[in-house]
Participant: 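Take this structure, written in structure tokens, and hold onto it; I'll ask about it next.
First listed ligand is number 1; within each ligand, the first listed atom is number 1.
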Amino acid sequence: MSRVGVVIVAAGKGSRMKSAEHKQYLNIKDKPILLHTLEAFQRSRYIDHMTVVVGASDVERVKGWVHTGQLHKVEQVLAGGRERQESVYLGLTQLPADIEWVLVHDGVRPFITSSGINDCLEAARQYGAAVPAVPVKDTIKKVGADQVIVETPERQSLWAVQTPQAFRASHLLAAHEAARKDGFTGTDDASLLERMDEPVKVVMGDYRNIKITTPEDLSVATQICDELAAERATEQAERDDIK
Ligand SMILES: Nc1ccn([C@@H]2O[C@H](COP(=O)(O)OP(=O)(O)OP(=O)(O)O)[C@@H](O)[C@H]2O)c(=O)n1
Ligand SMILES: C[C@](O)(CO)[C@H](O)COP(=O)(O)O
């Protein structure tokens, strides 16, 4: 029987946040960003296994959260690498053998919902690989080193890509190994399959599934956190009514 796993990468330094503490450990409301993310996957009935990749000096801290007993899907907490891609690769190499489908998620995207996870996973099962994305709202310019515009791509075809990104685990590992061999570094996992001409399906993401990157993201994060908690409470009340 195969299982669905997620590799959650959280070994970054958060340099753009410019905070004393690495951003994944800053609180949104009552708890650290990374803990919100882990709880979102723990809640999802589509996920069986979690591998969490963190900075070497944070492994014991995160294992401490797991030992509270609320995060039983977290089966391993590993030390990551210098780049995001290396952290993902380290997680993939340690996945249990029974994980057929794997999602890769940024630890600093705490507002992923169970339906967002399911949409991506379902599309991956159908097409082989899938990522969530949202249509861009701004006009995007390609700008040269001299700060002069090079071109304006047609907005209709531009999407801002998010995580979780879902793949057959063996394919993603092979794509990472090929990228390492070729010295290729991508800013997401899908790009490693794209360069091997493997199709990746795009599913509609959620504008609230933000990657917490800079200080201004923190105030909007509090608002999104409240909205999602209220929506979960309403859904729970509806389920209780049906019983
Ligand atoms: N060596 C790295 C770098 C990044 N990440 C993770 O990849 C996700 C997305 O990266 P990003 O938002 O860029 O985080 P940082 O690299 O920490 O931020 P910055 O680029 O501002 O330093 C984050 O959850 C981050 O912790 C990781 O696991 N290992
Ligand atoms: C994977 C990602 O979250 C998709 O939007 C993004 O590319 C990560 O980028 P970063 O350079 O690690 O911020």
Participant: Got the closest protein heavy atom to atom 3 (O) of ligand 2, with its distance?
Facilitator: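 Ranked first by proximity to atom 3 (O) of ligand 2 is Asp106 OD2, 2.5 Å.
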Participant: Quick test: of every protein heavy atom, which one is nearest to atom 13 (O) of ligand 2, and how far off is it to 0.1 Å?
Facilitator: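 Scanning the protein heavy atoms, the shortest distance from atom 13 (O) of ligand 2 goes to Lys211 NZ, 2.6 Å.
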Participant: Distance to 0.1 Å, residue and atom name: give those for the protein heavy atom nearest to atom 8 (C) of ligand 2.
Facilitator: Thr187 O, 3.6 Å
Participant: Is any side-chain heavy atom of His49 closer than 4.5 Å to one of Gln76?
Facilitator: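 SC-SC contact between Gln76 and His49 confirmed.
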Participant: Between Lys13 and ligand 1, find which residue part has any heavy-atom pair under 4.0 Å and reply side chain, backbone, both or neither.
Facilitator: backbone
Participant: Can you confirm, on distance only, whether ligand 2 has an N/O atom lying under 3.5 Å from any N/O atom belonging to Gln162?
Facilitator: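 It does not: no N or O of Gln162 is found under 3.5 Å from an N or O of ligand 2.
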Participant: Taking NZ, NE, NH1 and NH2 as the nitrogens, is one of them in Arg232 or Glu39 under 4.0 Å from a carboxylate oxygen of the other?
Facilitator: no
Participant: With heavy-atom distances below 4.0 Å as the criterion, list the atoms of ligand 2 near Asp188.
Facilitator: 1 (C)
Participant: Please list, in number order, the atoms of ligand 1 under 4.0 Å from a heavy atom of Ser87.
Facilitator: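 Matching atoms, with element in brackets: 1 (N), 2 (C), 27 (C), 28 (O), 29 (N).
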Participant: Val9 to ligand 1: N or O pair under 3.5 Å?
Facilitator: yes
Participant: With only distance considered, is Arg84 within less than 3.5 Å of ligand 2 through an N or O on each side?
Facilitator: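 It does not: no N or O of Arg84 is found under 3.5 Å from an N or O of ligand 2.
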Participant: What part of Lys23 sits under 4.0 Å from ligand 1 if we count only heavy atoms: the side chain, the backbone, both or neither?
Facilitator: side chain
Participant: Can you pull out the closest protein heavy atom to atom 4 (C) of ligand 2? Residue, atom name and distance to 0.1 Å, please.
Facilitator: Val161 O, 3.3 Å
Participant: Considering both backbone and side-chain atoms of Ile212, is one of its nitrogen or oxygen atoms within less than 3.5 Å of a nitrogen or oxygen in ligand 1?
Facilitator: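 No, Ile212 has no N/O under 3.5 Å of an N/O on ligand 1.
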Participant: Looking at atom 10 (O) of ligand 1, would you say a protein heavy atom lies below 4.0 Å from it?
Facilitator: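 Protein heavy atoms within 4.0 Å of atom 10 (O) of ligand 1 - there are none.
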Participant: One residue to check: His105. Relative to ligand 2, which of side chain, backbone, both or neither has a non-hydrogen atom less than 4.0 Å away?
Facilitator: neither
